[in-house]
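Worth saying up front: this structure is predicted, and the values here are computed from it rather than measured. Naming convention: chains lettered A, B, ... in sequence-line order (proteins, then strands); numbering from 1 in each chain. Values reported hereafter were calculated over all heavy atoms of this structure, with side chains retained and with hydrogens, waters and symmetry mates removed.
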2 protein chains.
Amino acid sequence: MIEDLLKKALLKNTKQRHMILSIIKSEKKPVTAEEIYIKLNKNKGNINLSTVYRTLNILSEKNILLKILKEDGTASYQINDNLHNHYITCYKCHNSILIDKCPIKDFSEKISKDTGYVITGHSLQLTGLCPKCSKHVNND
Amino acid sequence: MIEDLLKKALLKNTKQRHMILSIIKSEKKPVTAEEIYIKLNKNKGNINLSTVYRTLNILSEKNILLKILKEDGTASYQINDNLHNHYITCYKCHNSILIDKCPIKDFSEKISKDTGYVITGHSLQLTGLCPKCSKHVNND
DNA sequence: TTCGGTGCAAAATGTTTGCACACAC
DNA sequence: GTGTGTGCAAACATTTTGCACCGAA
(Lines give C-alpha, C1' and ligand atoms only; values in the text may rest on other atoms or scores of the structure.)
Protein backbone atom coordinates (compact mmCIF):
# COMPACT_ATOMS: atom_id res chain seq x y z
CA MET A 1 0.00 0.00 0.00
CA ILE A 2 1.17 3.43 -0.91
CA GLU A 3 0.11 4.95 2.40
CA ASP A 4 2.27 2.45 4.22
CA LEU A 5 5.28 3.26 2.09
CA LEU A 6 4.90 6.92 2.96
CA LYS A 7 4.27 6.29 6.62
CA LYS A 8 7.31 4.07 6.82
CA ALA A 9 9.35 6.91 5.38
CA LEU A 10 7.86 9.42 7.82
CA LEU A 11 6.36 11.42 5.01
CA LYS A 12 2.97 13.00 4.86
CA ASN A 13 0.41 11.23 2.79
CA THR A 14 -0.57 13.83 0.24
CA LYS A 15 -2.68 13.50 -2.87
CA GLN A 16 0.33 14.40 -5.00
CA ARG A 17 2.67 11.81 -3.59
CA HIS A 18 -0.03 9.21 -3.83
CA MET A 19 -0.64 9.89 -7.49
CA ILE A 20 3.05 9.95 -8.32
CA LEU A 21 3.70 6.68 -6.57
CA SER A 22 0.75 4.99 -8.13
CA ILE A 23 1.94 5.93 -11.59
CA ILE A 24 5.39 4.55 -10.88
CA LYS A 25 3.90 1.38 -9.46
CA SER A 26 1.78 0.85 -12.54
CA GLU A 27 4.75 1.01 -14.88
CA LYS A 28 6.95 -1.87 -15.80
CA LYS A 29 9.73 0.37 -17.04
CA PRO A 30 11.56 3.06 -15.11
CA VAL A 31 9.87 6.42 -15.67
CA THR A 32 11.22 9.93 -15.86
CA ALA A 33 9.92 12.98 -14.00
CA GLU A 34 8.64 14.36 -17.27
CA GLU A 35 6.74 11.18 -18.10
CA ILE A 36 5.13 11.16 -14.69
CA TYR A 37 4.21 14.80 -15.07
CA ILE A 38 2.55 14.18 -18.41
CA LYS A 39 0.57 11.22 -17.17
CA LEU A 40 -0.50 13.14 -14.11
CA ASN A 41 -1.88 15.99 -16.06
CA LYS A 42 -3.59 13.73 -18.55
CA ASN A 43 -5.48 12.40 -15.58
CA LYS A 44 -6.20 16.03 -14.72
CA GLY A 45 -3.99 15.71 -11.66
CA ASN A 46 -2.67 19.24 -12.05
CA ILE A 47 0.53 18.64 -10.18
CA ASN A 48 3.56 20.79 -10.58
CA LEU A 49 6.73 19.48 -12.14
CA SER A 50 8.75 20.72 -9.16
CA THR A 51 6.59 18.63 -6.92
CA VAL A 52 7.31 15.62 -9.05
CA TYR A 53 11.04 16.22 -8.77
CA ARG A 54 10.86 16.86 -5.07
CA THR A 55 8.87 13.72 -4.51
CA LEU A 56 11.19 11.60 -6.59
CA ASN A 57 14.21 12.92 -4.76
CA ILE A 58 12.85 12.37 -1.33
CA LEU A 59 11.60 8.89 -2.15
CA SER A 60 14.95 7.92 -3.60
CA GLU A 61 16.74 9.16 -0.53
CA LYS A 62 14.46 7.01 1.55
CA ASN A 63 15.17 4.11 -0.76
CA ILE A 64 11.58 3.66 -1.70
CA LEU A 65 12.50 4.44 -5.26
CA LEU A 66 15.52 3.43 -7.24
CA LYS A 67 17.06 6.13 -9.37
CA ILE A 68 18.26 4.89 -12.72
CA LEU A 69 20.44 7.01 -14.94
CA LYS A 70 20.01 6.73 -18.65
CA GLU A 71 22.81 7.12 -21.15
CA ASP A 72 22.10 10.80 -21.61
CA GLY A 73 22.31 11.53 -17.93
CA THR A 74 18.60 11.93 -17.30
CA ALA A 75 17.05 10.03 -14.46
CA SER A 76 14.30 7.44 -14.32
CA TYR A 77 12.75 5.96 -11.27
CA GLN A 78 11.23 2.68 -10.32
CA ILE A 79 10.02 1.05 -7.14
CA ASN A 80 12.99 -0.32 -5.25
CA ASP A 81 11.91 -3.90 -4.92
CA ASN A 82 13.82 -6.90 -6.10
CA LEU A 83 11.93 -7.17 -9.34
CA HIS A 84 13.55 -4.36 -11.25
CA ASN A 85 15.16 -4.75 -14.61
CA HIS A 86 18.01 -3.50 -16.70
CA TYR A 87 18.22 -2.61 -20.33
CA ILE A 88 20.75 -2.57 -23.07
CA THR A 89 20.60 0.33 -25.47
CA CYS A 90 21.94 0.53 -28.99
CA TYR A 91 24.11 3.59 -29.38
CA LYS A 92 23.19 3.96 -32.99
CA CYS A 93 19.43 3.52 -33.20
CA HIS A 94 18.73 3.94 -29.48
CA ASN A 95 16.58 0.86 -29.34
CA SER A 96 16.68 -0.78 -25.97
CA ILE A 97 15.72 -4.20 -24.86
CA LEU A 98 15.23 -5.89 -21.56
CA ILE A 99 17.82 -8.01 -19.84
CA ASP A 100 15.73 -10.59 -18.17
CA LYS A 101 17.71 -11.05 -15.04
CA CYS A 102 19.57 -8.59 -12.91
CA PRO A 103 23.19 -9.66 -12.88
CA ILE A 104 24.02 -7.61 -9.85
CA LYS A 105 21.89 -9.45 -7.40
CA ASP A 106 24.31 -12.36 -7.13
CA PHE A 107 27.17 -9.99 -6.90
CA SER A 108 25.74 -7.76 -4.23
CA GLU A 109 26.36 -10.18 -1.45
CA LYS A 110 29.97 -10.62 -2.32
CA ILE A 111 30.54 -6.91 -2.68
CA SER A 112 28.76 -6.28 0.56
CA LYS A 113 30.99 -8.76 2.30
CA ASP A 114 34.13 -7.32 0.72
CA THR A 115 33.36 -3.70 1.39
CA GLY A 116 31.19 -3.64 4.48
CA TYR A 117 28.65 -1.52 2.65
CA VAL A 118 24.95 -2.23 2.91
CA ILE A 119 23.89 -2.18 -0.70
CA THR A 120 20.56 -0.54 -1.22
CA GLY A 121 20.50 0.17 -4.89
CA HIS A 122 22.37 0.09 -8.11
CA SER A 123 22.21 1.44 -11.56
CA LEU A 124 23.38 -0.55 -14.53
CA GLN A 125 23.20 0.51 -18.11
CA LEU A 126 24.69 -1.43 -20.95
CA THR A 127 25.48 0.08 -24.28
CA GLY A 128 26.22 -1.56 -27.55
CA LEU A 129 25.07 -2.16 -31.05
CA CYS A 130 21.85 -3.95 -31.77
CA PRO A 131 21.93 -6.81 -34.28
CA LYS A 132 20.47 -4.63 -37.02
CA CYS A 133 22.97 -1.81 -36.60
CA SER A 134 25.98 -4.03 -36.12
CA LYS A 135 25.39 -5.45 -39.59
CA HIS A 136 26.05 -2.24 -41.41
CA VAL A 137 28.84 -0.81 -39.37
CA ASN A 138 31.52 1.08 -41.12
CA ASN A 139 32.70 2.87 -38.08
CA ASP A 140 30.74 6.05 -38.56
CA MET B 1 49.70 6.06 -28.56
CA ILE B 2 47.15 8.79 -28.76
CA GLU B 3 47.70 9.40 -32.47
CA ASP B 4 46.90 5.77 -33.15
CA LEU B 5 43.69 5.94 -31.19
CA LEU B 6 42.59 8.89 -33.25
CA LYS B 7 43.66 7.39 -36.51
CA LYS B 8 41.83 4.20 -35.71
CA ALA B 9 38.69 6.24 -35.15
CA LEU B 10 39.19 8.16 -38.41
CA LEU B 11 39.53 11.41 -36.56
CA LYS B 12 41.94 14.20 -37.22
CA ASN B 13 44.87 14.45 -34.89
CA THR B 14 44.49 17.92 -33.44
CA LYS B 15 46.34 19.54 -30.59
CA GLN B 16 43.07 19.80 -28.64
CA ARG B 17 42.14 16.15 -28.91
CA HIS B 18 45.64 15.14 -28.04
CA MET B 19 45.66 17.21 -24.89
CA ILE B 20 42.24 16.02 -23.82
CA LEU B 21 43.13 12.39 -24.31
CA SER B 22 46.40 12.69 -22.52
CA ILE B 23 44.68 14.17 -19.49
CA ILE B 24 42.17 11.34 -19.42
CA LYS B 25 44.94 8.78 -19.81
CA SER B 26 46.88 10.23 -16.94
CA GLU B 27 43.94 9.91 -14.55
CA LYS B 28 43.10 6.84 -12.59
CA LYS B 29 39.54 7.97 -11.94
CA PRO B 30 36.89 8.93 -14.48
CA VAL B 31 37.00 12.66 -15.16
CA THR B 32 34.31 15.17 -16.04
CA ALA B 33 34.35 17.66 -18.91
CA GLU B 34 34.73 20.46 -16.41
CA GLU B 35 37.71 18.83 -14.74
CA ILE B 36 39.41 18.33 -18.06
CA TYR B 37 38.70 21.90 -19.00
CA ILE B 38 40.23 23.20 -15.78
CA LYS B 39 43.35 21.10 -16.14
CA LEU B 40 43.72 22.14 -19.74
CA ASN B 41 43.68 25.76 -18.97
CA LYS B 42 45.97 25.38 -16.00
CA ASN B 43 48.47 24.03 -18.51
CA LYS B 44 47.67 27.13 -20.56
CA GLY B 45 46.01 24.95 -23.16
CA ASN B 46 43.31 27.47 -23.87
CA ILE B 47 40.78 25.05 -25.18
CA ASN B 48 37.10 25.76 -25.29
CA LEU B 49 34.66 23.87 -23.12
CA SER B 50 32.52 23.07 -26.16
CA THR B 51 35.50 21.44 -27.74
CA VAL B 52 35.96 19.31 -24.68
CA TYR B 53 32.34 18.20 -24.83
CA ARG B 54 32.48 17.55 -28.54
CA THR B 55 35.64 15.53 -28.18
CA LEU B 56 34.28 13.49 -25.32
CA ASN B 57 31.11 12.75 -27.23
CA ILE B 58 32.79 11.68 -30.39
CA LEU B 59 35.33 9.53 -28.57
CA SER B 60 32.59 7.82 -26.61
CA GLU B 61 30.66 7.10 -29.76
CA LYS B 62 33.77 5.54 -31.22
CA ASN B 63 34.17 3.54 -28.03
CA ILE B 64 37.55 4.95 -27.28
CA LEU B 65 36.14 6.43 -24.11
CA LEU B 66 33.67 5.00 -21.69
CA LYS B 67 31.01 7.35 -20.41
CA ILE B 68 30.25 6.91 -16.74
CA LEU B 69 27.25 8.54 -15.16
CA LYS B 70 27.49 9.71 -11.62
CA GLU B 71 24.61 9.69 -9.18
CA ASP B 72 23.69 13.26 -9.99
CA GLY B 73 23.44 12.61 -13.70
CA THR B 74 26.67 14.26 -14.74
CA ALA B 75 29.08 12.36 -16.88
CA SER B 76 32.65 11.26 -16.40
CA TYR B 77 34.88 9.61 -18.92
CA GLN B 78 37.67 7.11 -18.87
CA ILE B 79 39.65 5.19 -21.43
CA ASN B 80 37.63 2.18 -22.56
CA ASP B 81 40.10 -0.55 -21.88
CA ASN B 82 39.51 -3.58 -19.78
CA LEU B 83 41.00 -2.05 -16.71
CA HIS B 84 38.20 0.25 -15.73
CA ASN B 85 36.62 0.25 -12.32
CA HIS B 86 33.36 0.70 -10.54
CA TYR B 87 32.54 2.36 -7.28
CA ILE B 88 30.04 2.07 -4.53
CA THR B 89 28.83 5.29 -3.00
CA CYS B 90 27.29 5.84 0.40
CA TYR B 91 24.05 7.75 0.07
CA LYS B 92 24.52 9.36 3.44
CA CYS B 93 28.11 10.54 3.60
CA HIS B 94 28.82 10.25 -0.14
CA ASN B 95 32.03 8.37 0.44
CA SER B 96 32.82 6.04 -2.37
CA ILE B 97 35.14 3.13 -2.60
CA LEU B 98 36.48 1.00 -5.36
CA ILE B 99 35.08 -2.36 -6.35
CA ASP B 100 38.15 -4.23 -7.34
CA LYS B 101 36.71 -6.29 -10.12
CA CYS B 102 34.18 -5.44 -12.78
CA PRO B 103 31.30 -7.87 -12.34
CA ILE B 104 29.88 -7.20 -15.75
CA LYS B 105 32.69 -8.63 -17.77
CA ASP B 106 31.64 -12.20 -17.14
CA PHE B 107 28.08 -11.32 -17.82
CA SER B 108 28.62 -9.50 -21.07
CA GLU B 109 29.16 -12.62 -23.09
CA LYS B 110 25.98 -14.23 -21.90
CA ILE B 111 23.96 -11.10 -22.50
CA SER B 112 25.49 -10.70 -25.90
CA LYS B 113 24.53 -14.22 -26.79
CA ASP B 114 21.00 -13.80 -25.44
CA THR B 115 20.26 -10.49 -27.08
CA GLY B 116 22.38 -10.39 -30.20
CA TYR B 117 23.78 -7.05 -29.15
CA VAL B 118 27.44 -6.25 -29.45
CA ILE B 119 28.23 -4.86 -26.04
CA THR B 120 30.64 -1.99 -26.17
CA GLY B 121 30.26 -0.36 -22.82
CA HIS B 122 28.45 -0.29 -19.57
CA SER B 123 27.91 1.90 -16.62
CA LEU B 124 27.44 0.51 -13.17
CA GLN B 125 26.94 2.47 -10.03
CA LEU B 126 26.14 0.93 -6.69
CA THR B 127 24.58 2.81 -3.84
CA GLY B 128 24.34 1.90 -0.23
CA LEU B 129 25.38 2.72 3.25
CA CYS B 130 28.99 2.61 4.28
CA PRO B 131 29.88 0.73 7.45
CA LYS B 132 30.15 3.92 9.47
CA CYS B 133 26.79 5.28 8.42
CA SER B 134 24.95 2.01 8.66
CA LYS B 135 25.75 1.92 12.37
CA HIS B 136 23.73 4.94 13.29
CA VAL B 137 20.77 4.58 11.02
CA ASN B 138 17.43 5.77 12.19
CA ASN B 139 15.89 6.15 8.80
CA ASP B 140 16.52 9.80 8.28
C1' DT C 1 42.16 23.07 -51.27
C1' DT C 2 38.84 20.79 -48.80
C1' DC C 3 36.28 19.36 -45.09
C1' DG C 4 36.45 18.36 -40.46
C1' DG C 5 37.51 20.82 -36.07
C1' DT C 6 37.40 24.84 -33.07
C1' DG C 7 35.97 29.11 -30.56
C1' DC C 8 32.48 31.92 -29.18
C1' DA C 9 28.00 33.15 -27.82
C1' DA C 10 23.63 31.77 -27.37
C1' DA C 11 20.15 28.24 -26.55
C1' DA C 12 18.27 24.10 -24.84
C1' DT C 13 17.62 20.70 -21.43
C1' DG C 14 16.93 18.77 -16.99
C1' DT C 15 16.73 19.90 -12.36
C1' DT C 16 16.72 22.84 -8.13
C1' DT C 17 15.36 26.69 -5.19
C1' DG C 18 13.03 30.83 -2.69
C1' DC C 19 8.94 32.33 -1.30
C1' DA C 20 4.07 32.62 -0.17
C1' DC C 21 0.21 29.89 0.45
C1' DA C 22 -2.20 25.29 1.48
C1' DC C 23 -3.15 21.28 3.85
C1' DA C 24 -2.01 16.82 6.61
C1' DC C 25 -1.28 15.77 11.08
C1' DG D 1 -2.16 25.47 15.14
C1' DT D 2 2.32 23.82 13.41
C1' DG D 3 5.27 22.50 10.23
C1' DT D 4 5.60 19.88 6.09
C1' DG D 5 4.33 20.02 1.27
C1' DT D 6 2.99 22.50 -2.92
C1' DG D 7 2.70 25.84 -6.88
C1' DC D 8 4.84 29.19 -9.34
C1' DA D 9 8.51 31.62 -11.34
C1' DA D 10 13.02 32.22 -11.54
C1' DA D 11 17.65 30.39 -11.19
C1' DC D 12 20.98 26.93 -12.02
C1' DA D 13 24.14 23.48 -14.07
C1' DT D 14 25.35 20.82 -17.69
C1' DT D 15 25.42 20.05 -22.28
C1' DT D 16 24.34 21.21 -27.19
C1' DT D 17 24.15 24.09 -31.30
C1' DG D 18 24.78 27.71 -35.21
C1' DC D 19 27.97 30.12 -37.44
C1' DA D 20 32.31 32.01 -38.97
C1' DC D 21 36.94 31.06 -39.03
C1' DC D 22 41.02 27.79 -38.73
C1' DG D 23 44.07 24.17 -39.77
C1' DA D 24 45.20 18.96 -40.66
C1' DA D 25 45.31 16.02 -44.51
N/O (side chain, [X]) to phosphate O (OP1/OP2, [N]) under 4.0 Å:
X       : N      : result
B/Asn13 : D/dA24 : no
B/Asn48 : C/dC8  : yes
A/Tyr53 : C/dT15 : yes
A/Thr14 : D/dT6  : yes
A/Gln16 : C/dC23 : no
A/Arg54 : D/dT6  : no
A/Asn57 : C/dT16 : yes

Less than 4.5 Å apart, any side-chain heavy atom of [X] and any of [Y]?
X       : Y       : answer
B/Ile24 : B/Leu59 : no
A/Glu34 : A/Ile38 : yes
A/Ile47 : A/Thr55 : no

Spacing of A/His18 atom NE2 and A/Asn13 atom CG [to the nearest 0.5 Å]: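 Result: 6.0 Å between the selected atoms.
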
Taking [atom1] from [X] and [atom2] from [N], how many angstroms apart are they, rounded to a whole number?
X       : N      : atom1 : atom2 : result
A/Leu10 : D/dG5  : CG    : C1'   : 15 Å
B/Leu69 : C/dT13 : CG    : P     : 19 Å
B/Arg17 : D/dA25 : CZ    : C1'   : 13 Å
B/Leu56 : D/dT14 : CG    : P     : 14 Å
B/His18 : C/dG4  : NE2   : P     : 22 Å
B/Ile58 : C/dG4  : CD1   : C1'   : 9 Å
A/Asp72 : D/dT15 : CG    : C1'   : 11 Å
A/Ile36 : C/dG14 : CD1   : P     : 14 Å

Sugar-phosphate only, base, or nothing, as touched by A/Ser50 at under 4.0 Å among non-hydrogen atoms: base

Touch class at under 4.0 angstrom, heavy-atom based, for B/Ala75 against every strand present: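 Result for B/Ala75 = sugar-phosphate.
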
Electrostatic pair B/Glu61-B/Lys67, nearest N-O below 4.0 angstrom: no

Residue whose closest nucleotide on DNA chain D lies nearer the 5' end, A/Ile47 versus B/Tyr77: A/Ile47

Along DNA chain C (nearest heavy atom to each residue), the more 5'-positioned of B/Lys12 and B/Thr51: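 Nearest-nucleotide comparison on DNA chain C picks B/Lys12.
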
